[in-house]
Amino acid sequence: MLPIDAAAHAGRWRHRHPVEKAVLGFGLTLCAVCLPAWPGAPLVGAATLAVLLGPAGVAPRLLWRAFRLPLGFCVTGAIPLLFQVGGAAGAVSLAPDGPVHAGQLLLRTSAASLGVLLFAFTTPVSDVLPRLVRAGVPAPVVDVALVMYRIGFLLLDTVAKVRQAQAARLGQASRAAAWRSLAGLGAIAFVRSFDRAARLQEGLAGRGYDGTLRVLVPEAALSRRFLAATGALLAALVAATLVLKGLLS
């Protein structure tokens, strides 16, 4: 199991209704995207961090490990805004407003990524997918997503075991050996993924699969207090952003 999935299953908000956490996480993401980048994005990012590290109980080191990858994409997407192509300054030159636009994009995307991570760190996928059928998503689509979610973990487990076996047999002793081990790892993972899928299909057929995977969904009631607190937080962020924007302009 990936660390973020393990944290979602063992988190403080594990038994809360997914809708509550979706309203909070995606509401913060929407605020980060729609509000002015300054000072809206820093305020939203700070509020999201406070919720993640406080009530949600996410470990700071685990949060940083998960946030590094989207932060890298945010930085990579902001760098091109620093330059312009063509013009009197040459084929490639610094854009006049490049640092401003790059900074705004970096602030927005970073804060929005934290909002998505808030939902991911507090809501297991196994709690979300079965409820999508009640929301109108076709059952076969949800079944495929559930199966792929399961196969993904099996494939990661297979890759980890193969890498461990290769390392025990000096498969990483040199650069040439490492490349051979990588090629072998890819071939084994490809073959075993098809084997796992075939065995899963046979198992479902032997259990009378009729096109719908029936799973038990843990019951959870919507908390009006939680939703009210979420609405108050989002409204406070919007009001604070607009007030500070007027004061700073």
Side-chain angles (χ1 to χ4, degrees), residues 3-71 73-74 78 103-137 217-249:
I4 192 169
D5 292 281
H9 281 277
R12 297 176 183 174
W13 289 355
R14 168 68 173 83
H15 300 291
R16 286 197 172 275
H17 200 286
V19 172
E20 299 175 4
K21 295 172 283 189
V23 171
L24 176 59
F26 295 126
L28 290 169
T29 301
L30 186 63
C31 287
V33 174
C34 297
L35 291 176
W38 180 262
L43 289 176
V44 173
T48 308
L49 277 176
V51 174
L52 278 166
L53 301 178
V58 179
R61 180 177 298 181
L62 185 60
L63 176 60
W64 170 244
R65 289 181 59 187
F67 183 58
R68 287 183 300 180
L69 184 60
L71 181 61
F73 281 105
C74 296
Q104 291 177 349
L105 179 63
L106 182 59
L107 289 174
R108 287 184 187 276
T109 53
S110 301
S113 299
L114 286 173
V116 176
L117 285 176
L118 173 60
F119 180 74
F121 266 109
T122 56
T123 311
V125 177
S126 58
D127 286 355
V128 178
L129 290 179
R131 288 183 168 89
L132 293 179
V133 178
R134 303 177 184 177
V137 179
V217 180
E219 294 295 333
L222 285 172
S223 173
R224 295 183 180 180
R225 181 179 300 179
F226 188 93
L227 293 175
T230 299
L233 174 62
L234 298 178
L237 288 173
V238 173
T241 300
L242 296 179
V243 171
L244 290 177
K245 182 67 174 179
L247 295 176
L248 296 174
S249 60

Under 3.5 Å donor-acceptor, R108 side chain and V33 backbone:
yes

If you apply the rule side-chain contact (heavy atoms from CB on, under 4.5 Å), what do you find for L114 with L28, and how did you get there?
CA-CA 9 Å; L114 286 173; L28 290 169; over 6 Å; no

Take T48 and L117, measure what side-chain contact (heavy atoms from CB on, under 4.5 Å) needs, and give me the verdict at the end.
CA-CA 9 Å; T48 308; L117 285 176; over 6 Å; no

What pair of heavy atoms forms the shortest contact from C74 to S113, and how long is it?
SG-OG, 3.9 Å

Find out whether R14 and P124 are in side-chain contact, i.e. whether some heavy atom of one side chain is under 4.5 Å from a heavy atom of the other.
yes

Can you list the steps and then say if L71 with W64 is a side-chain contact (heavy atoms from CB on, under 4.5 Å)?
CA-CA 10 Å; L71 181 61; W64 170 244; 4.0 Å; yes

Just by modelled atom types, is the A120 backbone N or O under 3.5 Å from a matching donor or acceptor in the T123 side chain?
no

What one should report as the nearest heavy-atom pair of A111 and A41 is CB-O, 3.5 Å

Which residue, C31, S110, C34, forms the side-chain contact (heavy atoms from CB on, under 4.5 Å) with V44?
C31

With heavy-atom distances below 4.5 Å as the criterion, would you say the side chains of F119 and T29 are in contact?
no

L52 vs F67, side-chain contact (heavy atoms from CB on, under 4.5 Å): CA-CA, chis, key distance, verdict
CA-CA 12 Å; L52 278 166; F67 183 58; over 6 Å; no

So with a 6.0 Å cut-off around CZ of R65, is the heavy-atom count from everything else above 12?
no

Can you name the closest pair of heavy atoms from W13 and A56 and give their distance?
CZ2-N, 4.0 Å

Rounded to the nearest 0.5 angstrom, the OG1-CD distance for T109 and Q104 is 11.5 Å

Pair up each side-chain donor or acceptor in residues 225-248 with any protein partner under 3.5 Å, not counting sequence neighbours, and list the distances.
unit_1	atom_1	unit_2	atom_2	d
T230	OG1	F226	O	2.9
T241	OG1	L237	O	2.7

Heavy atoms only: give me the nearest P42-P39 pair and the separation to one decimal.
CD-O, 3.3 Å

